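The structure appears below as structure tokens.
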Amino acid sequence: METSTEGATRPDISPAGPGEAVDAVVVAGPPAAPPVSLSPSRASDFMQCPLLYRFRVIDRLPEKPSEAATRGTLVHAVLERLFDAPAGDRTVPRAKSLIPGQWDRLRESRPEVAELFADDPEGERLARWLTEAEALVERWFTLEDPSRLEPAERELFVEAELDSGLRLRGIIDRVDVAPTGEVRIVDYKTGKAPRPEYAEGALFQMKFYALVVWRLKKVVPRRLQLVYLGSGDVLTYDPVLADLERVERKLLALWEAIRRATETGDWRPRPTKLCGWCDHQAHCPEFGGTPPPYPLPLRAPESGGGEQGRMGPD
């Protein structure tokens with residue numbers, strides 16, 4: 001899970017596709033400014049649709065909370081807090097017992113999520129939603145044994161500056177360090193695992209984190225692990241230095257494309273099936289909408305520019 005430092009309340013937010021959750025809701029922030037850093041979610045936004053990146057990072061348009069996104073936030077909080085207990089107390093009943101308190105905390109910190117159930121006076125839909133969160137938490141115990149884990153870090157904010165000056169940042173769900181010093185980066189997903197042909201795209205976020213850890217610690221993580229609570233799958237990948245060097249080159253090219261778009265105001269929509277879940281259709285030309293006035297200074301576009309946002313995730 002990740003929450004964004006670019007136009008969001010926490011560092012980084014992943015767009016919610018079908019069956020997947022995101023960490024937080026993009027909310028209106030301070031006056032627009034050129035982006036100064038890149039996170040996995042914002043990189044994915046630009047590759048998916050440059051105009052979506054603009055709406056989230058430049059315009060900072062608000063986005064409504066969703067049940068799936070908020071459930072993901074709740075489940076992540078429970079899994080993080082469970083490790084506060086001694087190893088022997090990290091049980092399914094203990095984890096489920098954390099859900100009501102974490103839901104209360106979430107409503108206190110983000111009052112807008114209470115609107116999700118404003119039309120549910122009897123609480124029936126809320127009860128089903130909480131039961132679904134319980135099921136996701138319980139499934140985690142079939143995939144990992146928390147009594148045998150002692151994470152070195154939980155919800156770790158990481159940031160590194162590349163030689164080019166580009167700052168990379170994000171939040172890692174869990175970092176495990178073996179007695180021999182080997183590092184494992186773990187990310188929880190409340191959706192379902194992707195089909196094999198889309199596995200590389202799913203690993204983009206993890207390779208991004210591995211690159212940041214390598215730049216910070218001069219250590220290539222031994223393993224990247226995605227835990228899919230929605231389907232009960234675990235996807236792992238053991239990176240090598242060449243992987244991280246390729247990701248760095250890709251991010252530099254992506255950042256250059258973002259820089260050009262920022263200066264020219266040329267943010268092109270890229271219609272995909274994910275458009276059906278986008279909160280910004282009213283502002284998107286593909287749906288007959290008009291983007292807000294561009295809030296940053298412009299310069300003349302360069303001739304011969306290529307297409308935006310067409311680079312794959314790896």
Side-chain angles (χ1 to χ4, degrees), residues 1-16 21-30 32-48 50 52-60 63 69 72-73 76-77 80 151-175 183-189 201-221 224-226 239 243-259 261-262 309 311 313-314:
M1 179 178 85
E2 195 208 359
T3 48
S4 176
T5 51
E6 299 128 345
T9 51
R10 289 182 60 210
D12 196 33
I13 306 160
S14 299
V22 299
D23 293 5
V25 175
V26 176
V27 296
V36 297
S37 64
L38 193 61
S39 66
S41 292
R42 299 292 76 82
S44 295
D45 283 347
F46 189 83
M47 290 187 289
Q48 175 188 324
L52 174 63
Y53 178 98
R54 175 198 151 168
F55 287 156
R56 284 180 162 162
V57 178
I58 305 296
D59 299 298
R60 296 172 181 167
E63 297 182 359
T73 303
H76 276 78
E80 179 191 3
E153 301 286 353
R154 290 173 275 155
E155 292 292 307
L156 175 65
F157 174 69
V158 290
E159 181 177 33
E161 184 170 318
L162 304 182
D163 295 339
S164 66
L166 170 59
R167 277 191 288 160
L168 305 178
R169 53 176 60 180
I171 294 181
I172 302 174
D173 286 347
R174 198 179 86 219
V175 178
V183 175
R184 176 172 63 182
I185 297 176
V186 181
D187 193 74
Y188 309 119
K189 299 295 185 184
L203 284 168
F204 170 71
Q205 173 185 354
M206 304 303 285
K207 291 180 181 180
F208 184 111
Y209 290 148
L211 170 61
V212 175
V213 169
W214 172 51
R215 283 297 190 179
L216 288 174
K217 304 293 185 181
K218 305 304 179 186
V219 173
V220 176
L224 311 177
Q225 180 167 304
L226 285 160
D243 290 324
L244 308 188
E245 291 172 337
R246 283 193 296 270
V247 170
E248 181 169 335
R249 290 194 297 270
K250 181 173 190 60
L251 290 173
L252 291 174
L254 186 65
W255 187 246
E256 176 61 20
I258 291 172
R259 183 193 64 79
T262 301
M311 292 179 284
D314 190 26

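Owing to the predicted nature of the structure, the values given are computational and were not obtained by experimental measurement. The basis for the numbers below is simple: all heavy atoms, side chains too, and nothing from hydrogens, waters or symmetry mates.
Between L252 atom CG and E256 atom CD the span is 9.5 Å, to the nearest 0.5 Å. Here the straight-line distance linking atom NZ of K207 with atom CG of L211 works out to 11.5 Å at 0.5 Å rounding. Rounding to the nearest 0.5 Å places OH of Y53 at 12.0 Å from OG of S44. Expressed to the nearest 0.5 Å, how far CD1 of I185 lies from CD1 of I172 amounts to 4.5 Å. Considering CG of D187 and CD of Q205, their distance stands at 4.5 Å, rounded to 0.5 Å. Annotation: the span from Q225 atom CD to R184 atom CZ amounts to 4.5 Å, rounded to 0.5 Å.
At a threshold of 4.5 Å between non-hydrogen side-chain atoms, the residues D243 and R246 count as touching. A heavy-atom distance below 4.5 Å is found between the side chains of I258 and P35. For the pair K250 and M47, the minimum side-chain heavy-atom distance is below 4.5 Å. Two residues are said to be in side-chain contact when any heavy atoms from C-beta on lie closer than 4.5 Å; R169 and V212 fail this criterion.
Distance alone, capped at 3.5 Å, is enough to place a donor-acceptor pair between the Y209 side chain and the I171 backbone. R154 contributes a side-chain N or O that, together with a main-chain N or O of E80, makes up a donor-acceptor pair within less than 3.5 Å. Although no hydrogens or angles enter the test, the distance criterion places no donor-acceptor pair under 3.5 Å between the side chain of H76 and the main chain of D173.
Heavy atoms only, all atoms of each residue included: A202 and L226 are closest at O-CD1, 3.5 Å. The two residues I58 and A33 have their closest heavy-atom pair at CD1-O, 4.2 Å. Residue P40 comes nearest to F204 through the heavy atom pair O-CE2, 3.9 Å, listed as atom of the first residue, atom of the second, then distance. In this structure, W214 and V220 approach most closely via the heavy-atom pair CD1-CG2, 4.0 Å. Closest of all the heavy-atom pairs between W255 and S37 is CZ3-O, 3.5 Å. Across V219 and P221, no two heavy atoms sit closer than the pair O-CD, 3.4 Å.
Using a cut-off of 4.0 Å between Lys/Arg side-chain N and Asp/Glu carboxylate O, R167 and E159 are scored as salt-bridged. Taking a cutoff of 4.0 Å between a charged side-chain nitrogen and a carboxylate oxygen, R215 and E161 do not qualify as a salt bridge. D59 has a carboxylate O that lies under 4.0 Å from a charged side-chain N of R54, or vice versa, which qualifies the two as a salt bridge.
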| task | Please assess E63 against F55 for the test side-chain contact (heavy atoms from CB on, under 4.5 Å), listing each intermediate value before the final yes or no. | result | CA-CA 10 Å; E63 297 182 359; F55 287 156; over 6 Å; no
